[in-house]
Amino acid sequence: MSHLVSKKILAIFIIVLLVVGIGAYFVGQITVVKPSPVKPALSGEIPIGVLHSSASEEGYFQSAINIAFEDVNKWFNESGIPIKFVPLIENAEESTTKACEKLESLIARGCQVIIGPQWSTTSLAVKPIADERKVVLISPASGSPALSIAGDYFTRTIPPIDAWQLVDVAIAMGRGINVLVVVYSKDTFGETSIAALEKIAKEKGVVIYESFAYDPTAKDFTVECSKLVEKYKEAVSKFGWEKVGVEIIGAGGHCVPWLTAVEKFPELWKTASFVGPHVAGATDVIKYTGSAAAKSGFTSIGPYARSPLSLSLKTRHKERYGTECYTYGYAAYDAVWIAALSILAAQEYKGEKLIKVIPSISRVYMGASGYCAMNEAGDRIAMDFEIKMVKFINDTPSWVTIGYFDSSTQTITWVST
Amino acid sequence: MIDPLIISAIANSLIMGLVALGFTLQYVTLRVPNLAHTTICFSSAYITLTFWLLGYNPYFGVFIGFLESSILTYLLYNFLNMLKARGLDDVSLMISTIGISMIIYGFANIYLDYLAYVFKTYTRTFTLANADFKLLGIPGVIYISLILFVFFLLFFNWLLSTKFGIQLRAIVEKPSLAEVHGVDVKRVVGIAWFIIGGIGGIAGSLWPLWFQCDPWLGPLMLTSIFAACALGGIKSILGSLFGGIFIGVSQVILLSVLSDLVGTWIISFKTLIPLIIASLVLLFLPEGIMGKIQKYRGG
Amino acid sequence: MALIILDIILDVMTFFFMYLIFTSCLNLQQGMTGLTNLGLHFFAAIGAYIFAHTAFLALRIYGIELDYIGVDNNEAVFVLNKLFSTDLLTPIFTLFLTIILVMMTCAFLGYIFGRISLRLSGAYLGIFWLCLADSIEHIGMQYRPLAGGNQGVLLPDFFKALNDYSLLIQKIIVILISIITFALFKKISESPFGRLLKTIRENEIVSQSIGKNTNEIKVKIITFSSIFLGVAGVLVCLRTRGIFAESFNRIDVSFWPWLMFILGGSGNLLGSLLGTLICVVIRRIVLYSKFYLTFLPVDIIWIEPILLGVTLCITLLIKPRGILPEKPHKLKY
Amino acid sequence: MSIILKIEKLTKKFGSLIALNKVSLEVPYGSIVLLIGPNGSGKTTLLNCISGLYKPNEGRILYKEIDITGKPPYEIAKLGITKTFQIPMNFKNLTVNENLLACYPNHPGEKLLNCFLKRKWIIEENNAIQRTIKVLKILNIDEQCNQIAHNLSGGQLKLLEFGKPLLRDSELFLLDEPVAGINPFLAEEILSYIQKVRNEYRKTFIIVEHRLDLVLKYVDYVYALAEGEIVCEGPPQEIIKNEKLYEAYFALK
């Protein structure tokens with residue numbers, strides 16, 4: 001008997017859900033379509049979404065975002081604008097489906113601007129939803145060129161991957177390298193990077209002797225590293241030691257395991273150039289694998305700006321969280337500012353408006369990561385880089401700045417140490 | 001200076017062997033594959049990390065790791081018994097172990113967050129390879145794991161000859177009969193699980209001394225460990241050790257050989273190796289190599 | 001605010017119906033026939049991978065040459081969206097064809113793997129499927145031409161022509177297919193065939209000794225349910241508007257359905273339905289109420305696996321046979 | 001009087017142990033044949049070989065001149081041979097009526113495609129139900145009709161076990177200790193019912209049973225096995241006089 005009852009109840013419940021839901025949807029459509037008659041001048045609390053896409057690197061820029069929100073709110077407060085921005089933080093822990101869910105939950109909670117997602121894979125996954133719901137994404141870390149489409153709702157405060165690879169090639173050339181042995185992670189970042197690298201290398205006349213992919217989910221890179229050494233030796237025997245450089249392309253999280261593996265292979269300790277993922281100044285590299293990094297002369301790039309914001313962020317991050325601000329932290333910090341300023345300029349918290357305002361705001365904003373001008377596609381045009389290298393400074397491995405890359409002239413000015 | 005590949009292979013295989021041993025013993029005593037085993041074992045790696053962060057030698061972590069893992073395993077055993085008493089079938093028990101492993105995974109992440117907050121560093125993915133001491137250019141983890149491995153091998157030989165061991169074997173053969181003959185099955189198997197969990201914990205706490213470690217490691221290792229056990233013959237304890245060693249070696253050596261043969265692209269498929277071995281063994285050699293040998297001996 | 005709540009309800013419903021397919025398949029395989037399967041994501045992934053190739057069929061029809069899986073994916077999507085904004089017939093035909101193809105392929109594969117896995121049973125069978133499914137997921141992630149690899153494949157908006165109602169239509173499609181699946185499985189569970197399946201679950205030897213060809217039936221069941229699993233995979237992709245191998249991982253596509261299935265009650269389809277409803281609602285509530293749970297000292301995303309585990313264990317402790325246990329078949333006379 | 005089951009030199013080995021050694025026997029239509037012998041003499045093995053659960057190593061089994069040696073159990077069962085088990089094996093979590101209904105032979109509703117259309121199987125289902133109820137009444141366990149099988153008592157389980165072959169209209173019944181552990185009156189009932197079935201429908205029975213006191217007066221012919229060989233055979237009245245039997249049982253020399 002209870003069998004039947006539960007059956008009935010369930011049936012009714014489902015039907016109710018169905019009817020209500022569909023009805024709700026039509027209501028939703030209508031209300032979304034007609035411009036909502038909200039306050040003429042913007043005021044009160046405004047939610048800005050933050051969508052991390054990986055648990056492992058969350059620490060890398062959530063801290064910067066916290067600082068950014070404090071600064072923004074402080075600035076608005078001082079200038080007497082009655083707006084307070086509250087971050088709604090979500091984390092999709094490297095799962096694209098989760099990313100879509102979390103994005104929808106953010107939108108459902110009324111976010112029209114969302115900082116993130118972090119990685120290109122996730123950005124590609126959630127972009128269609130953002131376009132559909134007309135919500136602006138400002139990614140601080142996803143550099144895939146596939147994302148630079150004019151007229152979509154995706155913008156970013158870092159330049160596409162080509163710009164980064166250009167610097168890596170420039171470093172190599174600056175060190176007199178014209179042969180590269182490359183290993184890249186088999187994910188969006190790695191694959192797009194290697195494509196860009198090959199293109200640029202061809203232009204600059206740098207030979208890529210060998211490039212092979214590694215599984216980013218692997219826990220031990222010894223085998224990969226032994227292959228790398230093999231190929232490196234071959235290259236050296238062909239072209240001579242001073243001509244051959246090694247480059248590792250991957251997410252910041254892969255630095256530590258890679259350097260762990262490198263420490264096991266003395267052949268890699270003395271390479272003409274050893275360029276790694278873009279984690280310049282990252283603390284965990286020093287903490288976990290400092291000696292390996294120093295031995296192998298691990299070189300990496302990060303954003304560089306002659307702006308007070310940059311310095312203050314750096315110092316405050318250091319004293320509050322005890323770690324260096326991660327490369328993409330600067331970009332995330334700027335993303336928050338650009339979002340806030342554009343909302344102020346648009347005087348309306350709606351995606352359609354904001355996407356038009358953001359590029360123009362970015363052109364007048366000098367941020368922690370430098371001059372953040374965006375083009376029509378919403379990509380940051382250029383970025384100045386700081387080239388750092390791990391060295392032994394009285395026997396403690398630490399990051400040393402060895403040069404600066406000027407995006408306007410596309411040249412490196414080496415610092416003599 | 002030995003080729004790091006060899007060292008990796010040795011460390012990997014020894015650790016795998018110790019973990020696989022536990023999986024098999026748990027299976028033969030309770031007839032339930034404990035899918036939470038790897039998660040529990042590798043959870044003791046965070047203890048090693050904690051000790052290192054506190055500034056001690058990471059090897060201190062080994063002892064606490066033993067306790068932590070063995071206690072968790074013992075609790076799990078009692079929980080499973082509680083469920084069994086409610087007349088659950090093996091499959092439901094297996095699923096419940098999945099639930100346990102999820103809980104441990106969640107808490108491990110929270111713990112790492114806490115460590116990161118306290119020590120102001122990144123703890124999500126970590127490796128302590130250069131915190132390890134070196135002897136004749138060979139990292140200490142090799143010596144330690146070798147010593148432990150041999151020790152446990154002898155220990156088990158001795159254990160199985162004691163009264164306890166005989167009781168244990170009786171239980172493995174026929175639990176109901178053993179119970180009739182006055183063997184306190186719960187107690188004996190409980191102790192066995194305690195010890196075996198501890199051994200797995202030691203293996204897990206040695207892992208970050210040579211490899212990279214993150215919270216998803218345990219669930220990830222499950223298939224490799226199962227491949228090892230299936231290969232060695234899920235019923236045979238010795239077999240699981242050898243299966244573990246085989247898988248551990250194959251993950252390193254086989255991969256590098258393959259990459260020489262078919263090209264470097266194969267490297268990004270390394271995770272497939274244990275999966276494929278496991279599927280093939282399950283299909284075409286369900287009783288495992290040891291089982292085959294015994295059958296062959298049996299005539 | 002009201003709008004938000006209604007949005008949430010529709011969202012919850014879509015998820016509920018999507019998971020309902022998985023749980024009903026699980027109920028048919030494990031609950032009724034006793035075929036343990038920890039790798040539900042195997043056939044889902046297969047379906048998704050096929051979808052990745054058929055989704056851009058329209059390009060062929062319109063005679064445009066693009067590498068839609070690889071580098072030109074975005075461009076392909078862009079082009080198709082433009083084309084679909086006026087055309088409705090082609091996308092519907094594409095979807096139809098996809099589903100037919102997926103059904104056929106999954107049936108075929110289901111038959112093959114059902115046959116070769118006959119010798120296994122219980123936990124072994126489950127772990128065999130798990131290994132199989134994990135490897136197919138991994139291959140999908142690593143091998144670009146299969147399904148875009150790690151970058152995935154973006155899909156066009158198939159109902160662009162109905163611009164604002166496209167989302168709604170997609171959700172309705174999901175709901176309809178899942179209801180059909182549920183109805184079919186309900187029929188099975190009520191028919192003598194369902195009884196036959198239960199006899200296999202209970203005792204295969206006896207079932208054989210009363211003249212039932214159990215192996216044939218097992219293969220039939222795996223084939224039949226794998227069809228629906230494949231279609232479910234397609235639906236998942238249709239919803240996320242993209243095909244990403246890593247979205248077919250063990251936790252989301254296998255373990256959660258298992259939890260729902262155990263929670264609801266093994267062998268009882270209504271139980272599976274109830275379990276699915278409860279789990280999905282709880283999950284969504286956790287997801288949406290994140291910002292009201294700020295008192296928690298930890299990051300909410302770690303609460304979810306713990307929630308999964310704790311719910312499962314408590315259910316098994318309190319109600320070992322689930323909330324709605326299997327009902328004994330009464331005979332009135 | 002023709003032969004329904006003919007066994008020629010049947011041999012079954014388990015590893016080195018020989019369970020059946022060149023056993024040959026014939027069972028005529030409509031007879032009740034009793035297999036006796038000490039434990040481990042291979043009675044049950046013989047039945048299992050006939051019903052296809054074991055594959056014999058040598059020899060042939062002819063059922064109505066069809067060679068059924070080594071056929072899978074379900075085919076043999078379809079041909080009309082039904083075996084009951086020594087320890088009642090049934091579908092524990094199903095109700096008694098389901099246990100019996102499942103035995104109903106070639107039910108159209110047990111096809112995957114038919115089961116979606118109720119009209120295709122509902123009639124047959126009703127027949128099955130009627131028949132089940134009849135059988136339940138005969139075995140007078142119809143009060144337990146809707147109980148879960150593993151709640152039944154040992155005797156009731158035996159009855160249920162015995163009910164299965166009744167539901168299938170088989171030609172040949174292999175009953176493995178049908179009355180062991182049942183109180184004498186019920187046992188008498190069952191055995192007399194067996195005889196009734198035999199007389200009315202000319203069904204054939206092969207019975208393995210230790211309780212000779214009960215069984216002997218119902219059977220027509222007896223085979224005595226020992227160490228996998230037939231030591232003596234004959235009608236019951238003679239067989240109990242035959243001292244070979246006692247040797248076999250008590251190893252008297």
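The sequence lines fix the lettering, A, B, ..., with proteins before strands; numbering per chain opens at 1.
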Tell me, for [X] versus chain B, whether the close heavy atoms (under 4.5 Å) come from the side chain, the backbone, both or neither.
X: C/Leu317; value: both
X: C/Leu38; value: side chain
X: C/Phe255; value: side chain
X: C/Leu316; value: both
X: C/Ser135; value: both
X: C/Leu307; value: neither

Q: Could you tell me which of B/Ala227, B/Gly87, B/Pro219, B/Ala108 has the largest number of non-hydrogen atom pairs under 4.5 Å with chain C?
A: B/Pro219
Q) CZ of B/Phe79: more than 12 outside heavy atoms within 6.0 angstrom? A) yes
Q) Counting only heavy atoms not in C/Ile205, do more than 12 fall under 6.0 Å of its CD1? A) no
Counting heavy-atom pairs closer than 4.5 Å to chain B, which one of [options] comes out on top?
options: C/Glu304, C/Met141, C/Arg321, C/Arg250; result: C/Arg250
options: C/Gly126, C/Ser117, C/Gly34, C/Ala123; result: C/Ala123
options: C/Ile127, C/Leu308, C/Leu312, C/Leu132; result: C/Ile127

Q. Is a side-chain N or O of C/Asn27 found less than 3.5 angstrom from the main chain of C/Gly267, in a donor-acceptor match?
A. yes
Q. Ring pair (Phe, Tyr, Trp, His ring centres under 6.0 Å) with B/Tyr105: which residues, sequence neighbours excluded?
A. B/Trp216
Q) How would you list, by chain and number, every residue that makes a ring pair (Phe, Tyr, Trp, His ring centres under 6.0 Å) with C/Phe42, sequence neighbours excluded? A) C/Phe113
Q: Check whether any side-chain heavy atom of C/Glu204 sits under 4.5 Å from a side-chain heavy atom of C/Lys218, and report yes or no.
A: yes
Q.
Is any side-chain heavy atom of B/Ile110 closer than 4.5 Å to one of C/Ile306?
A. yes
Q | Ring centres under 6.0 angstrom apart (C/Phe261, C/Trp258) | A | yes
Q: Identify the residues of residues 93-101 of chain B whose heavy atoms come closer than 4.5 Å to a heavy atom of chain C, ordered by number, or report 'none'.
A: B/Met94, B/Ile95, B/Ser96, B/Ile98, B/Gly99, B/Ile100
Q.
Check this for me: does any side-chain nitrogen of one of C/Arg195 and C/Glu202 sit under 4.0 Å from a carboxylate oxygen of the other?
A. no
Show the atom names and distances, to 0.1 Å, of all donor-acceptor pairs under 3.5 Å that link a side chain in residues 269-278 of chain B to residues at least two apart or in another chain.
{"from": "B/Lys270", "atom 1": "NZ", "to": "A/Asp220", "atom 2": "O", "distance (Å)": "2.8"}
{"from": "B/Lys270", "atom 1": "NZ", "to": "A/Glu224", "atom 2": "OE2", "distance (Å)": "3.3"}
{"from": "B/Thr271", "atom 1": "OG1", "to": "A/Asp215", "atom 2": "OD2", "distance (Å)": "2.6"}
{"from": "B/Thr271", "atom 1": "OG1", "to": "C/His138", "atom 2": "NE2", "distance (Å)": "3.4"}

(Q) Do C/Ser207 and C/Thr199 pair up side chain to side chain, a donor and an acceptor below 3.5 Å, judged on atom types alone? (A) yes
